[in-house]
Amino acid sequence: MDCLFCKIINKEIPSNVVYENDDVLAFYDIAPQAPVHVVIIPKQHIASPAHITAENCDIAGKMFLAASEIAKKLELEKGYRIVSNCGEDGGQTVQHLHFHLLAKRSLAWPPG
Ligand code: AMP
Ligand code: ZN
């Protein structure tokens, strides 16, 4: 499958891994939008948040657990933001479900 994040999972494309278990992989974003910018992905290919179903939704909890563990590991005690872009209007550019974990700067709200 021609999916960038599946290629990162399969180590066909290198990444700077922060966290990994049987279900989830997290790596530093190549174009960071904050001093800490980690991408958290499921190892199974799910195209976007819109492709979450009753059958595969357990992975969402595992992705949030990964975020919480990464935040502890990177000492993000001041806080962080988790973003999941979905579809064209959401600004999604890679069609494999992911969370952005952004931290170490004050983040505006609303995001614009
Ligand atoms: P999105 O625009 O929400 O789909 O997010 C995709 C993210 O993947 C962007 O923040 C990109 O900078 C990031 N990205 C693209 N290619 C790579 C790569 N090879 N390694 C790490 N992050 C990447
Ligand atoms: Zn994929």
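Here, residue 1 is the first one in the sequence, and each next residue gets the next number. Below, each value reflects all heavy atoms present in this structure, side chains not excepted, and no hydrogens, waters or symmetry copies.
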Where [X] and [Y] come nearest, the two heavy atoms and their spacing:
X	Y	value
Gly79	Ala103	O-CB, 3.8 Å
Val39	His98	CG1-CB, 3.8 Å
Pro42	His96	O-NE2, 2.9 Å
Pro35	Lys104	CG-O, 3.3 Å
Pro32	His37	CA-ND1, 3.5 Å

Are [Y] and [X] connected in a single hydrophobic cluster, I mean Ile/Leu/Val/Met/Phe/Trp/Tyr linked by side-chain heavy atoms less than 4.5 Å apart?
X	Y	value
Phe27	Val38	no
Val17	Phe5	yes
Ile52	Ile82	yes
Leu102	Val94	no
Ile41	Tyr19	no

Asp23 and Gln44: CA distance, side-chain angles, deciding distance, side chain to side chain contact (heavy atoms under 4.5 Å, CB included) verdict: CA-CA 7 Å; Asp23 304 303; Gln44 62 181 124; over 6 Å; no

Spacing of [X] atom [atom1] and [Y] atom [atom2] [to the nearest 0.5 Å]:
X	Y	atom1	atom2	value
Asp29	Ser15	CG	OG	11.0 Å
Ser68	Lys73	OG	NZ	13.5 Å
Lys43	Asn10	NZ	CG	9.5 Å
Leu65	Asn21	CG	CG	8.0 Å

Contacts of Lys78 that satisfy side-chain hydrogen bond (donor to acceptor under 3.5 Å, both in side chains) - sequence neighbours left out: none

Inter- and intrachain pairs under ring pair (Phe, Tyr, Trp, His ring centres under 6.0 Å), touching residues 49-83, at least two apart: Phe64-Phe99

Candidate pair Met63 and Leu97, rule side chain to side chain contact (heavy atoms under 4.5 Å, CB included), full reasoning: CA-CA 10 Å; Met63 291 168 70; Leu97 176 67; 3.8 Å; yes

Is the closest side-chain heavy-atom distance between [X] and [Y] below 4.5 Å?
X	Y	value
His100	Arg81	no
Ile59	Val24	yes
Leu25	Glu20	yes

CD (Glu12) with more than 12 external heavy atoms under 6.0 Å: yes

Donor-acceptor under 3.5 Å (Gln92 side chain, Ala47 main chain): yes

